Protein chains: 2
Amino acid sequence: MPEQSPGSRPTLEAVAARAGVSRATASRVVNGGDGVRKPLVDKVLQAVDELGYIPNHAARTLVTRRTGAVAVVIAEPEIRIFSDPFFSQQIRGISKELTAHDTQLVLLLVEGPGDFDRIARYLSGGHVDGALAFSLHTDDPLPAITRRAGIPTVYGGRPSWTADPGDQAVPYVDADNRGGARVAVQYLRDLGRERIAHIGGPPDQTSAMDRLDGYRDVLIDVDPTLVAEGGFTVESGARAMAELLERRPDLDAVFVANDLMASGALRVLRERGIAVPEQVAIVGFDDMDGVAEETDPPLTTVNQDIEGQGRLMARLLLRGLDRDRTGNGSAPDSVITPTTLVRRASA
Amino acid sequence: MPEQSPGSRPTLEAVAARAGVSRATASRVVNGGDGVRKPLVDKVLQAVDELGYIPNHAARTLVTRRTGAVAVVIAEPEIRIFSDPFFSQQIRGISKELTAHDTQLVLLLVEGPGDFDRIARYLSGGHVDGALAFSLHTDDPLPAITRRAGIPTVYGGRPSWTADPGDQAVPYVDADNRGGARVAVQYLRDLGRERIAHIGGPPDQTSAMDRLDGYRDVLIDVDPTLVAEGGFTVESGARAMAELLERRPDLDAVFVANDLMASGALRVLRERGIAVPEQVAIVGFDDMDGVAEETDPPLTTVNQDIEGQGRLMARLLLRGLDRDRTGNGSAPDSVITPTTLVRRASA
DNA sequence: CACAGGGTTGAGAGCGCTTCCATTCGGTGC
DNA sequence: GCACCGAATGGAAGCGCTCTCAACCCTGTG
């Protein structure tokens, strides 16, 4: 490893000089070496090595107009953002995919409503080539910002302003929430359960709504007393379970919209001595690491590949950027990733 | 808001032309306007506004040699990284501080050992002005990388190769783990507890070791059977508690190295019908949101300002960068942030 | 009334890189 | 052996910005 000369790093100019070629040729080699004869390629590469040359990113960006970075905008006002393993896995997937394409991840956390101005400025400033953002509420200013800034953006989770799952107005990646819910509820039904309740997530999240829709797809004309609303947290799940038991002591199954709430529900059932799955069968959603397998009893749930969704978001975006650059290929479509039922002991 | 002309954004040149000044003057105004007479300032500002001018970041970086971005390197191989509220809060603090200084956060996740090469290349590539990294294990290659790349770096948590808390070889921010532990244990002692056990964290984390040292500071010559080792998780805390009860059924207090383990310990005590705090008093560490207040009974614990630590890390780094630029000020020192005992019901 | 001097402004030189375009090179067909 | 053609190479023009330095203006002073 060549020591870093004090102060200035070697430039392409220096490499070219050392290799005895022009700056243009050196540049070609550094960028893949197409159309340069082998011996010259080798000479340049050697010079790069000897000098410890590293391209100056700013100079390159200045002329290519590409930054090699994408923004990940997280606008969740909640604290949950990072604590939520959901996000964490998604980010992991994004990071892996970006890394594989030599693209950097710039994290933009929105702390308050005033931050959107800053975000807008940043996105417009040519700092990044594209953006990834997470499921948004109806009045979220982000789409307008990215559109105005001309920044290609892929969303994680169906944005709430899209009419239906599959809506193509804006590219997004989401799990097949509705289909997964359908399979889960159908499974409970096939088990012979007749009074299948549902603990849903917050109605302003499309994933919660889609899962509820899936539940309703199977149980048309379901009695509203069988549906309770939670907040995707353990506590809210426990509360909703207690509420359901009060309203409908006769229920014999619950499809819970996520594993966290399901674990809360299980706790309540255990406390009341209600046997799972004998008296009440439970199916969760997410197949969350460190939760679904650890509950008592282990949770039957709907698996979705969260990290894969992250990867997919990144891949979609990168593909779109590539298309912008090369001018060929079609606009990225949204992707709905499959879900699968994982049978454990709770149902 | 001016519509974005198709393709190219307006340049400083355009702004200057519109305002009827030279590019140099326009540049001065955009960068604060020092030494430019009021009327000209206004004209330029108006032109900026009308054109919707946004400075080209790459061009600016090319000449100033500052990127306005810092890397946050997260090298935890564990999944815990993001799920851990600890990190999440720290990142929040970092993000807030950076944002306040118009600096961007580039997230570098290390997925495997091979990634260090990529990280090294990135840090050397002049993409960022500095780096923030989290508590490292002894053989972590990161310090060497940042040193060679000449990238100022501030660490979160005392790096394990530093001899002692307070070691100034490398700037870091850490809570006063040892002092906090001392206060906690002393408190238990003042309560009249005589057999105070300890559930420690993993020995390769300095925070765990420092807390253990604090415990030992108060309880010199403590019986080793009173000390059990956990892994900073709920489950490991429960296991350690069970182990301690087996070894020392006579214990009357436990200082637990973090709240997560403390909640596991509480569960075990509850299951065995041991009254807290009457029979066994418990003190945790971290005062973790959503944990310490929610346990049964609520946890007496040592509070540390995690988000504040994040802010401080960023501030230290930014100050260092500023110093590098202006050439005055002293090298950043490490900072140990204070901890305070929060009395709740468990002790 | 000329001149010194501080404060403003503009001209222009780069920052390091990519890429167009002209040039040169090596080889082929006649 | 020569014209000719595609491929390889080099020269040079910027990309958009900052910043030095020289030119300029104006005021105050001798």
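In this text, all values refer to a predicted model and were calculated from it rather than measured experimentally. Chain letters run A, B, ... following the sequence lines, proteins first, then strands; residues in each count from 1.
Each end of the helix from C/dC1-D/dG30 to C/dC30-D/dG1 gets its own axis from five base pairs, and the two axes differ in direction by 50°, given to 10 degrees.
The aromatic rings of B/His127 and B/Tyr122 sit tilted relative to each other, their planes meeting at an angle between 30° and 60°.
Counting to the nearest Å, the P atom of D/dG16 and the CG atom of A/Asn56 are 17 Å from each other. Computed from coordinates, the A/Leu62 CG to D/dG16 P distance equals 7 Å when rounded to whole Å. The CZ-C1' distance, from B/Arg65 to C/dC17, rounds to 12 Å in whole Å. Rounding to whole angstrom units, CD of residue A/Glu13 and C1' of C/dG16 are separated by 9 Å. For the pair A/Arg9 CZ and C/dC17 C1', the computed distance is 16 Å after rounding to whole Å. Atom CG in B/Leu12 sits roughly 17 Å away from atom P in C/dG12 (whole-Å rounding). Per the geometry, CG belonging to B/Asp34 stands 19 Å off P belonging to C/dG6, to the nearest Å. Rounded to whole Å, atom P of D/dG6 lies 16 Å from atom CZ of A/Arg37.
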Verdict with supporting geometry, A/Leu142 and A/Ile119, side-chain contact (heavy atoms from CB on, under 4.5 Å):
CA-CA 9 Å; A/Leu142 201 58; A/Ile119 304 276; 4.2 Å; yes
Using side-chain contact (heavy atoms from CB on, under 4.5 Å), reason through A/Val30 and A/Arg60 one step at a time and then give a plain yes or no.
CA-CA 12 Å; A/Val30 169; A/Arg60 184 175 277 179; 3.6 Å; yes
Does the pair A/Leu107 and B/Ile91 meet the rule for a side-chain contact (heavy atoms from CB on, under 4.5 Å), with working shown?
CA-CA 10 Å; A/Leu107 193 64; B/Ile91 294 214; 4.3 Å; yes
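Residue whose closest nucleotide on DNA chain C sits further toward the 5' end, between A/Ala58 and B/Leu40: B/Leu40.
Proximity of a side-chain donor or acceptor of A/Thr61 to a complementary backbone N or O of A/Arg66 within less than 3.5 Å is detected.
Scanning all heavy atoms of the two residues, the minimum distance from A/Leu108 to A/Ala71 falls at CD2-CB, 3.9 Å.
Across residues 19-31 of chain A, A/Arg23, A/Ala24, A/Ser27, A/Arg28, A/Asn31 each have a non-hydrogen atom less than 4.0 Å from an atom of DNA chain C (numbered order).
Taking a cutoff of 4.0 Å between a charged side-chain nitrogen and a carboxylate oxygen, B/Glu307 and B/Arg92 do not qualify as a salt bridge.
Between the CG atom in B/Asp102 and the CZ atom in A/Arg118 there is a gap of 8.5 Å [rounded to 0.5 Å].
The shortest side-chain heavy-atom distance between B/His57 and A/Thr67 does not fall under the 4.5 Å cut-off.
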